[in-house]
Amino acid sequence: MIFNRQQQCLLLDGKEYTSEDIRQLIAGGAEAHSPAYWDLYLFLNEWFNDSPVITVHTSGSTGTPKELMVRKDRMMQSARLTCEFLNLKKGESALLCMNLRYIGAMMVVVRSLVAGLNLLVRPASGHPMADIKESLRFVAMVPLQVYNTLQVPEEKERLKQTDILIIGGGAVDEALETEIKHLPTAVYSTYGMTETLSHIALRRLNGASASEHYYPFPSVKLSLSAENTLVIDAPLVCDETLQTNDIARIYPDGSFMILGRKDNVINSGGIKIQAEELEKLLRPFIPVPFVITSVPDPRLGQAVTLLLEGQPELLEGGQPDDIEEIDNKLQYIDNKLQEILAPYYRPKHILTTESIPQTGNGKVNRAECRVLAESLLQ
């Protein structure tokens, strides 16, 4: 592996590009290149400059997006950890199909630079496998990209020809995980955040080693805070110990599970409800995207709220002829809630919206969901 940035070059579509080659490509102007390649050249130009740091944007899934300055040598150490764990070798193919504004996509490029992977580039779209002709060794996607790919037989077949898929940027729900179990591809869910320069732990989703637990890299030490949130000591990628907002459970073998975010605990009448755990319970019978959020309530403090995407008539299929039938669809949901949830867990409001707010890299934007739910009740 090559850790000296001055000696690195990028193998792109089978051709090597040095830092000087990248400068010449940029000098030719954006008009000569597709947006996806142009974004890559701009990132590489910043990567190869003299600065030891680079700017990364957080997704803003739970709050205001922000810029972080991160060290390039730390990014290379993160790349090494992943490449060693997945046994990625020089010349093997990797697909870049995510937005280079965020750390997940940046790290695909850095892994290619460090390990000499042959990088293929596609726009950051919902269907990254749409025109892939080559068999791929390594792909990184967000959950929505994986879901979309599995809905199109030709794209699913191309994914099946891929050796390794890692999924980051959001939780993999049970329905998607069930589909993934049937793939021959080795599929991993990642755990990490911008501050950890991509992931510090992986969870195998299929095959003989499939597990509900994440397993951290050997150099990573984990503990729990007094509030049961995960504390990460990853000296190769973080200067300081990182206090997360993720409520976790750590097991004797060093593996862990994430139960949800502290930010997403809804305090309703003194009962603390983890939004993610409630969503997990509801997912089997709600066939549209949805999110559990909350709105202010004078009696309870916070009222649990179910926010559904799409028109109510789509919840159970068919085309209702009148308002009464739409009401029946919502009544079906309400009956299910009464059936499976204890009273203090039941949503006090069921709201519909055209689309669930998301961040730029496909995560549910829970902060915006709370604002939207409150506005829908006004």
Side-chain angles (χ1 to χ4, degrees), residues 1-13 15-60 63-84 88 90 94 96-119 121 124 140 168-169 190 192-200 217 219-220 232-242 359-361:
M1 295 190 187
I2 302 173
F3 298 100
N4 185 332
R5 288 185 291 116
Q6 307 312 314
Q7 296 175 3
Q8 289 173 346
C9 60
L10 181 67
L11 187 61
L12 180 62
D13 299 320
K15 180 182 176 182
E16 287 192 344
Y17 289 82
T18 65
S19 58
E20 180 57 34
D21 293 329
I22 298 301
R23 280 192 290 270
Q24 291 179 13
L25 287 168
I26 288 178
E31 310 78 31
H33 311 285
S34 72
Y37 278 86
W38 181 248
D39 287 346
L40 173 62
Y41 300 151
L42 291 177
F43 170 75
L44 288 168
N45 193 50
E46 189 175 359
W47 177 260
F48 285 127
N49 69 23
D50 293 334
S51 174
V53 298
I54 199 166
T55 302
V56 181
H57 296 85
T58 64
S59 65
T64 304
K66 58 185 178 181
E67 290 186 353
L68 297 176
M69 301 298 290
V70 300
R71 286 169 48 181
K72 295 173 183 176
D73 61 335
R74 300 284 197 191
M75 294 173 74
M76 289 189 283
Q77 287 300 322
S78 173
R80 178 183 64 80
L81 292 172
T82 300
C83 291
E84 287 180 349
L88 301 178
K90 183 176 181 180
L96 172 65
C97 59
M98 300 184 296
N99 190 332
L100 269 168
R101 180 181 176 87
Y102 302 109
I103 191 67
M106 290 182 180
M107 288 308 304
V108 173
V109 181
V110 177
R111 292 178 199 123
S112 300
L113 289 164
V114 168
L117 305 178
N118 179 31
L119 190 66
V121 180
T190 66
M193 55 213 68
T194 305
E195 291 83 353
T196 61
L197 308 183
S198 190
H199 51 267
I200 49 89
F217 293 134
S219 58
V220 176
I232 301 172
D233 181 14
L236 293 179
V237 297
C238 294
D239 290 323
E240 300 176 353
T241 300
L242 183 65
T359 64
N361 63 345

Quick one: are Ile103 and Leu197 in side-chain contact, heavy atoms under 4.5 Å? yes
For the student: nearest non-hydrogen atoms of Asp73 and Arg71, plus distance: OD2-NH2, 2.8 Å
Option among Asn49, Val110, Leu68, Val70 that satisfies the side chain to side chain contact (heavy atoms under 4.5 Å, CB included) test with Ile54: Val70
If you round to the nearest 0.5 Å, how far is CG of Asp233 from CD1 of Ile200? 10.5 Å
Between Ile2 and Leu113, is the side-chain contact (heavy atoms from CB on, under 4.5 Å) condition met? List the steps. CA-CA 7 Å; Ile2 302 173; Leu113 289 164; over 6 Å; no
Minimum heavy-atom separation for Val56 and Met106, please, with both atom names. CG2-SD, 3.7 Å
Ser51 and Met69: side-chain contact (heavy atoms from CB on, under 4.5 Å), yes or no, with the steps? CA-CA 11 Å; Ser51 174; Met69 301 298 290; 5.7 Å; no
Are any side-chain N or O atoms of Thr18 and backbone N or O atoms of Asp21, one a donor and one an acceptor, separated by less than 3.5 Å? yes
Between Lys72 (side chain only) and Trp47 (backbone N and O only), is there a donor and an acceptor less than 3.5 Å apart? yes
What residues form a salt bridge (charged side-chain N to carboxylate O under 4.0 Å, His left out) with Arg101, not counting sequence neighbours? none
Heavy atoms of Thr196 and Gly192 approach each other most closely as OG1-CA, 3.5 Å
Start with the C-alpha gap between Gln8 and Arg5, add the side-chain angles, then the distance that decides, and say whether side-chain hydrogen bond (donor to acceptor under 3.5 Å, both in side chains) holds. CA-CA 5 Å; Gln8 289 173 346; Arg5 288 185 291 116; over 6 Å; no
Can Asp13 and Tyr37 be said to form a side-chain contact (heavy atoms from CB on, under 4.5 Å), step by step? CA-CA 11 Å; Asp13 299 320; Tyr37 278 86; 2.6 Å; yes
Heavy-atom pair with the smallest gap, counting every atom of Ala36 and Val121: CB-CG1, 3.9 Å
From Leu117 CG over to Leu12 CG, what is the distance, rounded to the nearest 0.5 angstrom? 12.5 Å
Taking the side chain as C-beta and beyond, is there a heavy-atom pair between Leu11 and Lys90 under 4.5 Å? no
Working to the nearest 0.5 angstrom, can you tell me the gap between Asn4 CG and Met76 CE? 8.0 Å
Closest approach of Leu40 to Val109 (non-hydrogen atoms, all atoms of both residues): CD1-CG2, 3.8 Å
Criterion side-chain contact (heavy atoms from CB on, under 4.5 Å) on Ile232 and Cys238, from CA distance to verdict: CA-CA 9 Å; Ile232 301 172; Cys238 294; 5.7 Å; no
Going from CZ on Arg80 to OG on Ser219, what distance comes out if it is rounded to the nearest 0.5 angstrom? 7.0 Å
If only atom types and distance count, is the side chain of His33 paired as donor or acceptor with the main-chain N or O of Tyr41 below 3.5 Å? no
Taken to the nearest 0.5 Å, the spacing of Arg111 CZ from Cys83 SG works out to 6.5 Å
Name all residues meeting the ring pair (Phe, Tyr, Trp, His ring centres under 6.0 Å) criterion together with Phe48; count only those two or more places apart in sequence or in a different chain, and write none if there are none. none
What's the separation between atom CG in Leu25 and atom CG in Asn45, rounded to the nearest 0.5 Å? 10.0 Å
Do Gln77 and Arg74 pair up side chain to side chain, a donor and an acceptor below 3.5 Å, judged on atom types alone? no
Short question: side chain of Ser112, backbone of Leu119 - any donor-acceptor pair under 3.5 Å? no
Sequence neighbours excluded - salt bridge (charged side-chain N to carboxylate O under 4.0 Å, His left out) pairs with any residue from residues 22-41: Glu20-Arg23
Give me the atom names and distance for the closest heavy-atom approach of His199 to Ser78. O-OG, 4.5 Å
Measure from the side-chain N and O atoms of Thr82 to the backbone N and O of Ala79, and report whether any donor-acceptor pair falls under 3.5 Å. no
